[in-house]
Amino acid sequence: MTLAYSGTDLRIYRLQVGNWGNNCYVVMDPLQNVSAIIDAAADARTILDAVADTEVLYIVTTHGHSDHWGALEEVAAALPTAVLAALPGDAQDLPVPPGLLLSDGDTLQIGTAPLGVIATPGHTPGSGCLITGMHLFTGDTLFPGGPGRTTGPEALRQEITSITNKLYIRPDDTVVHPGHGEPTTIGASKAEYAVFASRPQPPDLHGDVLWLES
């Protein structure tokens, strides 16, 4: 478990779990000792140990791919008062039905920390991101170097629209906490995307796309 950020009223922990190197995040208000889990992936014991001393209010799943919810059923069973939340576009793909269907612009309150919901379809129909202050949790929508994998050119166009219209409007020093890999910033990602956008791209481009190599 890595302490990714520590402030007076907000702490963020990153847990790297599973064969795919998934990032599970715990967002905590240390003053009220309440928290939320973002993506209960792969390793229930590690996740439950990380939240053993805090009250978990929400377990949020960013999208429906199984590497992001591999431990959801076990974690939810161990935390029966936590509300399971996801966007409706991917809710049917989860092993446990969410008790709360999220919409773009919703806010989950984690003590004094608001956790805002951003719908970012493209990687999957129900992909979403979460933001609190200067910390943006992007699931598989945005990584250092490029967008999440897409299954077709229309999905890539939709994902790029989500990224440019909803994520790149954030301040450049906003920290991006992705679903896999190391953090980056909105400013660094925008600079990479500017290179991609400056070049002609094939109309059928999709799959694994890197801003600086496509």
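Note that the numbering runs from 1 along the sequence shown for the chain.
A donor and an acceptor atom, one from each side chain of D39 and T62, are located under 3.5 Å apart. Of the N and O atoms on the side chains of T164 and Y193, not one donor lies less than 3.5 Å from an acceptor on the other residue. No side-chain donor-acceptor contact under 3.5 Å links S162 and T120.
Here the closest heavy-atom approach between residue A71 and residue A44 is recorded as CB-N, 3.5 Å. The minimum heavy-atom distance between T141 and I163, with the atom names listed, is O-CD1, 3.5 Å. Considering every non-hydrogen atom in both P95 and E73, the closest pair reads CB-OE1, 4.3 Å. Between T138 and L142, the shortest heavy-atom contact is OG1-O, 2.8 Å. The minimum heavy-atom distance between L205 and L156, with the atom names listed, is O-CD2, 3.2 Å. For the residue pair L84 and P97, the shortest heavy atom distance occurs at CD1-O, 4.1 Å.
Using bins of under 30°, 30° to 60° and over 60° for the plane-to-plane angle, the ring pair H180/F143 lands in the tilted bin. Ring planes of H177 and Y25: perpendicular class, angle over 60° (limits at 30 and 60°).
No chain of hydrophobic side-chain contacts below 4.5 Å, direct or via other Ile, Leu, Val, Met, Phe, Trp or Tyr residues, connects V75 to V60. Placement of Y13 and F137 in two distinct hydrophobic clusters is found when ILVMFWY residues are connected by side-chain heavy-atom separations under 4.5 Å, directly or transitively. Each of I118 and L130 belongs to its own hydrophobic cluster when Ile, Leu, Val, Met, Phe, Trp and Tyr are linked at side-chain heavy-atom distances under 4.5 angstrom. In the hydrophobic clustering of ILVMFWY residues, with side-chain heavy atoms under 4.5 Å counting as a link, L136 and I110 come out apart. There is no path of hydrophobic side-chain contacts, each under 4.5 Å, that joins I37 to L10.
The distance from the CG atom of D90 to the NE2 atom of H65 is 7.0 Å, given to the nearest 0.5 Å. The CD atom of E154 sits 12.5 Å away from the NE2 atom of H206 when rounded to the nearest 0.5 Å. Distance check, rounded to the nearest 0.5 Å: NE2 of H63 to OG1 of T124 gives 5.5 Å. Between E74 atom CD and D43 atom CG the span is 9.0 Å, to the nearest 0.5 Å. Taken from CD in Q109 to CD in Q32, the straight-line distance is 8.5 Å, to the nearest 0.5 Å. Residue T112 holds its OG1 atom at 4.0 Å from CG of D29, rounded to the nearest 0.5 Å.
The main-chain N or O of A119 is found under 3.5 Å from a side-chain atom of D104 such that the two form a donor-acceptor pair. Proximity of a side-chain donor or acceptor of D49 to a complementary backbone N or O of T46 within less than 3.5 Å is not detected. Using modelled atom types, no side-chain atom of D106 and backbone atom of V117 make a donor-acceptor pair closer than 3.5 Å. A donor-acceptor pair is defined here as one N or O able to donate and one able to accept, closer than 3.5 Å; no such pair exists between the side chain of S189 and the backbone of T185. The closest donor-acceptor contact from the side chain of H68 to the backbone of A41 lies at 3.5 Å or more, if one exists at all.
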List the steps and the verdict of side-chain contact (heavy atoms from CB on, under 4.5 Å) for V175 and Y5. CA-CA 10 Å; V175 180; Y5 174 79; over 6 Å; no

With side-chain contact (heavy atoms from CB on, under 4.5 Å) as the test, would you mind laying out the steps for M28 and V34 before giving the verdict? CA-CA 6 Å; M28 179 188 300; V34 293; over 6 Å; no

Just do the salt bridge (Lys or Arg N to Asp or Glu O under 4.0 Å) check on K190 and D172 with the steps written out, would you? CA-CA 8 Å; K190 285 167 62 177; D172 283 354; 3.0 Å; yes

Working note: N33 + E55, criterion side-chain contact (heavy atoms from CB on, under 4.5 Å); need CA distance, chi angles, decisive distance, verdict. CA-CA 6 Å; N33 198 31; E55 179 189 357; over 6 Å; no

Let me see the working for L101 and L87 under side-chain contact (heavy atoms from CB on, under 4.5 Å), right down to the final yes or no. CA-CA 5 Å; L101 293 178; L87 275 88; over 6 Å; no

In sequence, state the C-alpha distance, the side-chain angles, and the governing distance for E182 and R14, and then conclude on salt bridge (Lys or Arg N to Asp or Glu O under 4.0 Å). CA-CA 10 Å; E182 298 300 314; R14 176 170 68 126; 3.1 Å; yes

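Counted within 6.0 Å of CG on N19, heavy atoms from surrounding residues, nucleotides or ligands total 12 or fewer; the atom is thus considered open. Other residues, nucleotides and ligands place no more than 12 heavy atoms under 6.0 Å from the CG atom of D53.
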